[in-house]
Number of protein chains: 4
Amino acid sequence: MSFNTFGHLFRVTTWGESHGPALGATVDGCPPGVELAEGVIQHWLDRRKPGQNKYTTQRREPDAVQILSGVYEGRTTGTPIQLMIENTDQRSKDYGDIAQSFRPGHADITYWQKYGIRDPRGGGRSSARETAARVAAGGVAREVLKLLAPGIEIQGYMVQMGRLRADRDRFDMEEVERNPFWCPDAAAASVWAAALDDLRKDGNSVGAVIEVVARGVPAGLGAPIYGKLDADLAAAMMSINAVKGVEIGEGMAAAELTGVENADEIRMGNDGPMFLSNHAGGILGGISTGQDVVCRFAVKPTSSILTPRRTVTVGGDETDLVTKGRHDPCVGIRAVPVGEAMMACVLVDHLLRDRGQTGGQTGGQRGRIGL
Amino acid sequence: MSFNTFGHLFRVTTWGESHGPALGATVDGCPPGVELAEGVIQHWLDRRKPGQNKYTTQRREPDAVQILSGVYEGRTTGTPIQLMIENTDQRSKDYGDIAQSFRPGHADITYWQKYGIRDPRGGGRSSARETAARVAAGGVAREVLKLLAPGIEIQGYMVQMGRLRADRDRFDMEEVERNPFWCPDAAAASVWAAALDDLRKDGNSVGAVIEVVARGVPAGLGAPIYGKLDADLAAAMMSINAVKGVEIGEGMAAAELTGVENADEIRMGNDGPMFLSNHAGGILGGISTGQDVVCRFAVKPTSSILTPRRTVTVGGDETDLVTKGRHDPCVGIRAVPVGEAMMACVLVDHLLRDRGQTGGQTGGQRGRIGL
Amino acid sequence: MSFNTFGHLFRVTTWGESHGPALGATVDGCPPGVELAEGVIQHWLDRRKPGQNKYTTQRREPDAVQILSGVYEGRTTGTPIQLMIENTDQRSKDYGDIAQSFRPGHADITYWQKYGIRDPRGGGRSSARETAARVAAGGVAREVLKLLAPGIEIQGYMVQMGRLRADRDRFDMEEVERNPFWCPDAAAASVWAAALDDLRKDGNSVGAVIEVVARGVPAGLGAPIYGKLDADLAAAMMSINAVKGVEIGEGMAAAELTGVENADEIRMGNDGPMFLSNHAGGILGGISTGQDVVCRFAVKPTSSILTPRRTVTVGGDETDLVTKGRHDPCVGIRAVPVGEAMMACVLVDHLLRDRGQTGGQTGGQRGRIGL
Amino acid sequence: MSFNTFGHLFRVTTWGESHGPALGATVDGCPPGVELAEGVIQHWLDRRKPGQNKYTTQRREPDAVQILSGVYEGRTTGTPIQLMIENTDQRSKDYGDIAQSFRPGHADITYWQKYGIRDPRGGGRSSARETAARVAAGGVAREVLKLLAPGIEIQGYMVQMGRLRADRDRFDMEEVERNPFWCPDAAAASVWAAALDDLRKDGNSVGAVIEVVARGVPAGLGAPIYGKLDADLAAAMMSINAVKGVEIGEGMAAAELTGVENADEIRMGNDGPMFLSNHAGGILGGISTGQDVVCRFAVKPTSSILTPRRTVTVGGDETDLVTKGRHDPCVGIRAVPVGEAMMACVLVDHLLRDRGQTGGQTGGQRGRIGL
């Protein structure tokens, strides 16, 4: 991971600004022979697309992806895949006010302090529009998973909005697609809807916690010490705009447990070893256990709000700033498909890395248990 | 970050197992001309050293570091620095029982499932002894900081043990060195001592939360999107043994805030812009703001406990396992200097990367505010 | 260097196929504040452009570059620069014959054997059209050089076509732009023109040697052992299509010298140490000396020729193949601007890496001689 | 490739100076389950060992390798392998004279100009002693090849010393082990012996050309564009001390061929496609063809000679320097096992990378021809 590239063998480099002509992702190292069409990637982009309901920004972007390279007759060739999404609904005038001021909570000031130049239109490179490129790359990754590890399913959902938590006892994964919050607890989604309406009318915003689960991940993905599966997931999720915390399994709550409580005990099942609990979130020593890989991350409230906040200008004058424009009152909602995309990219990268070093699932060098 | 290497320009590769002849770190890309002596590194190793009080493992390791390369007449030459620590107090017989069984909560099973071979003595590569190499590398990093960014101070401390939280109102940073928990709240440290005694006698263990703060970090460190300072910190901390969650600034609690609450407002101070709060933990858009960089991570309870836990053997038999040997009842304690070391390494790497791309603090291309 | 990315801090990832909708380069890690306009890049692309004279392919491509990201108000922002060149003159029908056969000397067979799929249209990814993306990236690199090391000049030229060598005694660097061979020896260029006419009429082709010189490179660029300036130049040039050999300074002829002959002796000049010769090609121990950096590479003859050659089909049938289409009789000619571009990219990458590790030319840690 | 690390999945980081306590290599990413013992690595180190005959330096180093990590019960575990070689015969006093002067042809001046500090004892990091670490790492790589691609054989030999070329018509590969020049032409070896005696007595030295061939390399190794097998070989060989040119197949002579001559025509053999010649040196489009991979490199004459050469001191005084100490009159001789080691490392890295992306030789996605 460096600069704008993510991954070691399955390498995603994203590019583009919020209000430039286009943005996209260069996906390098993709295995050959993977079936890939724009429509498949579009499916995932449509889930992230703005303007779908009153809880997300009203910017209207079709987010139509074009595959410019790396695919021939519907299959990947093993060469770099260029995915381009044109920006069509830029309203740069919305941002005229902020070219000279730094929006609190935004990267305006740090980009300026680092580079001495910034594209102020819509936040430029630091805009959440960059995550469209991630979702497109994640669409490619999902097709690779279908070929290499067909049992893997990735699902993201919101488990908390502000101080309101969903109730795990009410979780029904089929509800996730049925409410605008990707929430598996239908009752919570209703409560959130009302609460978010109020916040939006107040010119305010709120944070959220998203959980992403990958089911059917084979044991053995990861690498010792610094190339750990959980270290890469942590980097992947923390790299998403506005994310301030990442958890694996019990996460921060692991601190509260005793060793007796935390041990995921093991018994023999019909298909080999079987864990009796999953406090570890499917990862031990940086390597997947075969259980569900469970990752959560917190998204801070949208910093672009209609309530005036104190700030300074490039010239050093103090001012109060209201961020007009079209913004998500809870940007965490649209982070759900982004988190799924990052999970997919990390898993593909680790599948390839594992296959490289060990021969992978069919490599024959893996240790067997009880056989 | 890949495999056993951390960092892009300041690159640390650690090697070695718990019970092999030695372990160490290869530090590549270090700037030349940095004063470096074994004693300076030893200072930091001594803080992490086991056996210093009853709350850490009774393994007695001098952890004496040798510099084998990269230093000439007391200064770094710009070539790779090899830091070696010999293992002297291996008692591999302690581990005879577990060569055929998988300790719950440990990486025994995943290493076996991935590689088909594992060094069972003390956990082999997955042992927390690997963190000695990190601390040694961190000692080098701290000397680089002295030269390149002399104002930076890094301090780690424990803020929570189990369900017991330190009280920020009682924080006194001078207390950190005065109790075995590196706790800035002396009263909490007393309570923790009693609680940990009980747990230890019960053959149990407990988790912890560590906070690492870097003060005096200049604005402008970090890189867009995937090479973000917070993404690299997340990977760095999550790569430490037993860590299950990482937070920057407000961390997971950011989800609970509204945009009005979360905005770190800005005013002009005597030395330029000044933030009125630090919910962001010193990082916006992946780039440092000049405020304190605040990072927290949760360490799960030690999995090696004297209470029997259910598991299976390599042969597939079900068994109950008690992990004898010499273990930390709260491994989080010794994670404090490790977290500090990772912070130091990340900051040096980003200082060099920033200097490479922009010319760094004296590069003249940075944006000024109000001047 | 991995897959389709070149460089460590100044990172160029190219993408695209010969007959796809577009090709391009993602340039990541570029310093901010560099003046950059499409016209400047276009200047270099025009030099590589096909169809300019009878010695190059008659494919008519405007090779018009578009900057899609990373530039704001005419200056780079430090974020990834996407350079896109649309393909406009694909005549895929020219390649219908070869979809089922492997052209000798081409990568058709190896791409097939590796990936099990290939885009046969114009060689797909292995086409020399990819080098347009390199030249575009090199155009960016040249602008960075102007800012960071304004004294550097890069010039490439042909020194040999087939067995016909240019005569260094007749070299006049102003001639380079005056003949279609980029040859500094006008007399040789005339001879080559006649010879190439004959070869072209015979349906044959011929190889060439290109020399690329960088003047004004400061001392101190490079890194020990594996990140050497010469090792990176070797990789850069060898990665260009059809290149089979790379030389630094004396190159292969260094084998013929004695130590007495080969030593570049040193005296004090007005501005510091001064070498009395440059057998080393400006690089000692992988680090630049301040002398001209001199690199040469051999380009094999174009494999696409009108003379029938024996080959096999995908189905395993033996056949004779004539490669129709529009091809360069001496592809080495158009490799000249490509070699220049690679030199520019390598130098920028090393300038940034050197600045990262040592502080660079103004870093103050460099060793002085005689001062 | 960056700094002191070579390889992408099979990653070798070397460390150590000529006169420090030790040097070595950290080999990361090695597949698990590879049989490995110190004796096997020692075999290859003994071939490179100095002091074996009058044509190599008289420094007496046992070059005894110790495996400090990554191997358990005689097999690799998949974790980093630390290989350490202690320096035992340092005579630093030999180098007292040169601490203040820059030896022409050496990296003394560039290390000084870059870093402002250098270890002058024996050239420090830039000494050819570093190649012992490469040979040790190459010994590991060869064992990996035995497991993953057992048909591969790597052989290096000298084909030219000064202006004296071996005659390919007299090549007998069994002669390679029978003369101190690793020369397959016994008659040439005799002539070289006499010529080198004369040069040595004259206080002079001479260059050489080494050829390294890898037989039995499967088709399909390599990666498009920048991660090409030949680009990586070029970097690998150019990174060896004193190397000034690298060739694949016809190398620089490819420039002299016509397309008709250069085409390696293809017919069907019993086991699939069969090339009728190997001008390409076993690589097309950066990917192996299944033919012998043929690489050559030129080594410049040893710069440490007893003939005085003009140079300057750190203080800027002009002086004449004679390099005493114990030096190879033809350092190319000992470069033979080093070239073999680099070939082995490159091939393992590409085998793993290929296996990662495509599934490798047994991955089932490769294209078949005629089946």
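Keep in mind the model is a prediction, meaning the values are calculated, not measured. Lettering follows sequence order; numbering is per chain, from 1.
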What residue, out of [options], has the most heavy-atom pairs lying under 4.5 Å from chain D?
| options | answer |
| --- | --- |
| C/Gly116, C/Ala253, C/Pro301 | C/Pro301 |
| C/Leu233, C/Val209, C/Ile266, C/Ile240 | C/Ile266 |
| C/Gly245, C/Gly220, C/Ala255, C/Gly207 | C/Ala255 |
| C/Gly249, C/Gly259, C/Gly285, C/Pro218 | C/Gly259 |
| C/Ala242, C/Ala234, C/Gly251 | C/Gly251 |
| C/Ala107, C/Pro104, C/Gly162 | C/Gly162 |

Looking at [Y], is its backbone amide N or carbonyl O close enough to the side chain of [X] to form a donor-acceptor pair, meaning the two atoms are under 3.5 Å apart?
| X | Y | answer |
| --- | --- | --- |
| C/Arg267 | D/Thr311 | yes |
| D/Asn4 | C/Ile225 | no |
| C/Lys114 | D/Gly222 | yes |
| C/Thr110 | D/Leu284 | yes |

Which of [options] touches chain C most, by non-hydrogen pairs under 4.5 Å:
| options | result |
| --- | --- |
| D/Gly332, D/Ala298, D/Ser126 | D/Ala298 |
| D/Ile305, D/Ile248, D/Val206, D/Leu164 | D/Ile248 |
| D/Leu221, D/Asn204, D/Leu321, D/Asn262 | D/Asn204 |
| D/Asp108, D/Val312, D/Thr313 | D/Val312 |
| D/Leu199, D/Thr258, D/Asp264 | D/Thr258 |
| D/Arg134, D/Arg125, D/Arg118, D/Gln160 | D/Arg134 |

Identify which part of [X] has an atom lying under 4.5 Å from any heavy atom of chain D, answering side chain, backbone, both or neither.
| X | value |
| --- | --- |
| C/Val260 | both |
| C/Leu257 | both |
| C/Glu130 | side chain |
| C/Ala208 | backbone |
| C/Thr14 | both |
| C/Thr307 | side chain |
| C/Met158 | neither |
| C/Leu276 | side chain |
| C/Asp230 | both |
| C/Thr13 | neither |
| C/Phe275 | side chain |
| C/Asp202 | neither |

With sequence neighbours left out, what residues match D/Glu17 under salt bridge (Lys or Arg N to Asp or Glu O under 4.0 Å)?
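Once residues adjacent in sequence are excluded, D/Glu17 has no partner under the salt bridge (Lys or Arg N to Asp or Glu O under 4.0 Å) criterion.
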So for D/Val299, is it side chain, backbone, both, or neither that comes closer than 4.5 Å to the heavy atoms of chain C?
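Just the backbone, heavy atoms under 4.5 Å.
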Which atoms of D/Ser304 are under 4.5 Å from chain C, going by heavy atoms: the side chain, the backbone, both sets, or neither?
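For D/Ser304, neither part sits under 4.5 Å from chain C.
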Beyond-backbone contact of [X] with [Y], side-chain heavy atoms, under 4.5 angstrom:
| X | Y | answer |
| --- | --- | --- |
| D/Ile369 | C/Ile109 | yes |
| C/Gln113 | D/Pro273 | yes |
| C/Glu250 | D/Lys300 | no |

Over all heavy atoms of both residues, which pair between [X] and [Y] is shortest? Give the atoms and the distance, please.
| X | Y | value |
| --- | --- | --- |
| C/Ala263 | D/Arg309 | CB-CD, 3.6 Å |
| D/Ala235 | C/Ala235 | CB-CB, 3.9 Å |
| D/Phe297 | C/Met252 | C-CE, 4.1 Å |
| C/Met238 | D/Lys228 | O-CD, 4.5 Å |
| C/Gly316 | D/Met268 | O-CG, 3.0 Å |
| C/Tyr111 | D/Pro224 | OH-CB, 3.5 Å |

Quick one, D/Tyr115 with C/Ile287, criterion side chain to side chain contact (heavy atoms under 4.5 Å, CB included). Give me CA distance, side-chain angles, the key distance, then yes/no.
CA-CA 11 Å; D/Tyr115 297 120; C/Ile287 299 172; 4.3 Å; yes
Look at D/Arg165 together with C/Glu256 and state whether they make a salt bridge at an N to O cut-off of under 4.0 Å.
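The answer is yes: the pair qualifies as a salt bridge.
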Rounded to the nearest 0.5 Å, what separates atom CD in D/Glu318 from atom CD in C/Glu265?
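Output value for this atom pair is 11.0 Å.
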By side-chain hydrogen bond (donor to acceptor under 3.5 Å, both in side chains) - contacts of D/Thr319 (at least two apart)
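Listed in chain order: nothing, the list is empty.
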Plane angle bin for D/Phe3 and C/His8 - parallel if under 30°, tilted between 30 and 60°, otherwise perpendicular
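Perpendicular, since the angle between the ring planes exceeds 60°.
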